[in-house]
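Contents: one structure, followed by commentary.
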2 protein chains.
Amino acid sequence: MSAALPRRTQAERSDAMRQRLLAATLESLAEDGYAGSTLSSIVRRAGVSRGAQVHHYPNKQALMLDAADDLLRSSYRTLGAVLLSVADEDNRLEMLVQATWEQLFATPLYRAYTELLVASQRDAVLAEALRGMLLRVSKVFEPAVEHYFMPAPGTRENLKAVFLQFACLLGGLASQAHLLNDTAHVAAQLKLWTRQAKLVMHARKGVRLPPPRPVEWDRPVHS
Amino acid sequence: MSAALPRRTQAERSDAMRQRLLAATLESLAEDGYAGSTLSSIVRRAGVSRGAQVHHYPNKQALMLDAADDLLRSSYRTLGAVLLSVADEDNRLEMLVQATWEQLFATPLYRAYTELLVASQRDAVLAEALRGMLLRVSKVFEPAVEHYFMPAPGTRENLKAVFLQFACLLGGLASQAHLLNDTAHVAAQLKLWTRQAKLVMHARKGVRLPPPRPVEWDRPVHS
DNA sequence: TATGATACAGTCCAGACTGTATGTAAATGT
DNA sequence: ACATTTACATACAGTCTGGACTGTATCATA
């Protein structure tokens, strides 16, 4: 009769609980902001008790750090999927731009990232963590860029810099999107950057294989 | 013997007090963030009592709204000065880019703006206020752009969009500047955008006059 | 100069948040 | 089967915040 109680192992219970807490934390960051994400509201959102949180994360910073880690890990996976999805497209750049915006920057997850980013301006530990995670993400993106694109003949533009520009542009755009109540601006900006980028880079012809898959970052054991 | 008490008028006292409160608020926003800018800390920073604040601003939101107004007004003036300063330069675009970054985006004031911007994501009143103020600022910038620059012959690029791109780029750059601990990246990005912009616009030749000075926004009487 | 309005100072209070301490159930090891 | 560790729940302590409230000094005006 204990069909509803499948007797989970300790590790399973812990992982599930951590997952619920992290998901609730990221939701809360996106909706209520960093300061608004109080421990009480997070556990309420996760539907667990206060004790569960304090058991897995001794203090708020630890929870936030792990949430940041989870966020960047998730973005890493999304980015990987995006890069794969444009593999067999002819107009790779357009697809990449559109997909990056829609699936990465125009999402609640990016709003959560924004909150962590501004909080990191006053939290050196969080800043260091974000720095390291960004480095790891860029380590995936840059080889993929090399895999798919090459500098246009005649130009000697640094593709890394052009994509860093892209990231800053999308970041700034996302931060102000709720003020510009005209969504056409966003589309225009995406098109504008695409046009500019095409001047300095070409999609490599005949590349139908996905980019090299670097070090796995999917499930490192929790420290 | 009352040499130290020059008998100020009521309006003078009020203005001076409001100024101290607003300055302290913007400092606090830049240093301690939005949530960290508590009323107690602000009045402590301003060196005034709690009662002074509550007299001039009935609640925290009113203070923040006026601080945002002051911030945008100040940026408006700075931007005007920047535009004037590049009037008689030959390499106007480079100077404009550099000055905009140094005097507008790489300042504590922009950090304060960032705090207000993310806070406005959950404060509709603040968002509306920022929206209106940004509109007014752009109303200064756009005529100045027309005054100084023209689309390059052959291209039909929208200069407004290019400068909106510039703003988003600088915003994104400033938000992440504390993570990229390499200041060379910023300079490289500024150069990159300048190069791209030069492809679609030229400085008008022989323009030695400052841009048209639109509606004044220097000291509207306080409501 | 008398009277009211304005500017400012200091204090109090209800609520909220974080961290901690303690108690109970479930899982694990032997 | 039982002891021990792990996972989770509840209660509490201390701090802080924002708003309300009362009191005092300064200014405007008739």
Side-chain angles (χ1 to χ4, degrees), chain A residues 1-22 24-25 28-29 32-67 119 122-123 125-126 221-223, chain B residues 1-22 24-25 28-29 32-67 119 122-123 125-126 221-223:
Chain A
M1 278 306 166
S2 62
L5 298 167
R7 275 291 174 120
R8 297 178 304 165
T9 176
Q10 300 270 59
E12 286 172 347
R13 290 173 61 176
S14 284
D15 282 350
M17 176 58 79
R18 271 195 258 257
Q19 202 50 44
R20 296 181 69 174
L21 283 171
L22 293 181
T25 303
S28 181
L29 279 173
D32 307 330
Y34 187 87
S37 293
T38 125
L39 292 176
S40 319
S41 80
I42 290 174
V43 298
R44 196 181 321 126
R45 188 186 290 266
V48 303
S49 83
R50 190 72 207 298
Q53 168 262 309
V54 71
H55 176 68
H56 291 284
Y57 301 101
N59 50 45
K60 190 174 180 175
Q61 178 170 289
L63 175 59
M64 287 298 171
L65 282 179
D66 204 26
R122 266 162 295 280
D123 184 336
V125 179
L126 184 55
V221 275
H222 199 274
S223 62
Chain B
M1 277 305 165
S2 62
L5 299 167
R7 273 292 175 119
R8 297 178 303 165
T9 176
Q10 299 272 60
E12 285 172 345
R13 290 173 62 177
S14 284
D15 283 349
M17 176 59 79
R18 270 196 258 259
Q19 202 49 45
R20 296 181 68 174
L21 283 171
L22 293 181
T25 303
S28 181
L29 279 172
D32 307 330
Y34 188 86
S37 295
T38 94
L39 293 177
S40 320
S41 79
I42 290 174
V43 299
R44 194 181 322 124
R45 188 185 290 266
V48 303
S49 83
R50 193 70 209 297
Q53 169 263 310
V54 71
H55 175 66
H56 291 284
Y57 301 100
N59 51 43
K60 191 173 180 177
Q61 177 171 290
L63 174 59
M64 287 299 171
L65 282 179
D66 204 26
R122 268 161 294 280
D123 184 337
V125 179
L126 183 55
V221 276
H222 199 275
S223 62

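Here is how names work: the chains are called A, B, and so on, in the same order as the sequence lines, proteins then strands, and each is numbered from 1. What you are looking at is a predicted structure, and each value in this text was computed from that prediction instead of being measured. For the numbers below, each heavy atom of this structure counts, side chains included, while hydrogens, waters and symmetry mates do not.
A side chain to side chain contact (heavy atoms under 4.5 Å, CB included) with A/Met64 holds for exactly one of A/Asp123, A/Leu29, A/Asn59, A/Val125; it is A/Leu29.
One atom, CE of A/Met17, and another, C1' of D/dA9, lie 10 Å apart when rounded to the nearest Å. Between the P atom of C/dT11 and the CZ atom of B/Arg50 lies a distance of 13 Å, rounded to the nearest Å.
When each of D/dG19, C/dT18, C/dA9 is scored by its nearest atom to the side-chain atoms of B/Asn59, the top-ranked nucleotide is D/dG19. Out of D/dT17, D/dC8, C/dG10, the shortest distance to the side chain of A/His55 is found at D/dC8. Distances from the side chain of A/Arg13 to the nucleotides D/dA9, D/dG18, D/dA7 place D/dA7 closest. When distances are taken from the side chain of A/Val54 to each of D/dC8, C/dT20, D/dA20, the shortest belongs to C/dT20.
When the side-chain nitrogen and oxygen atoms of A/Ser14 are compared with OP1 and OP2 of D/dA7, one or more of them lie within a distance under 4.0 Å. Considering only side-chain N and O atoms, A/His56 lies under 4.0 angstrom from the phosphate OP1 or OP2 of D/dC8. OP1 or OP2 of D/dT17 has at least one side-chain nitrogen or oxygen of B/Thr38 nearer than 4.0 Å.
The closest side-chain heavy-atom distance from B/Gln53 to B/Ile42 is not below 4.5 Å.
Here the NZ-OG distance, from A/Lys60 to A/Ser37, works out to 6.5 Å after rounding to the nearest 0.5 Å.
Under 4.0 Å is where a charged nitrogen must lie from a carboxylate oxygen, and between A/Arg20 and A/Asp15 no such pair does.
Each of A/Gly51 and A/Leu39 lies near DNA chain C, and the nucleotide nearest A/Leu39 is the one positioned closer to the 5' end.
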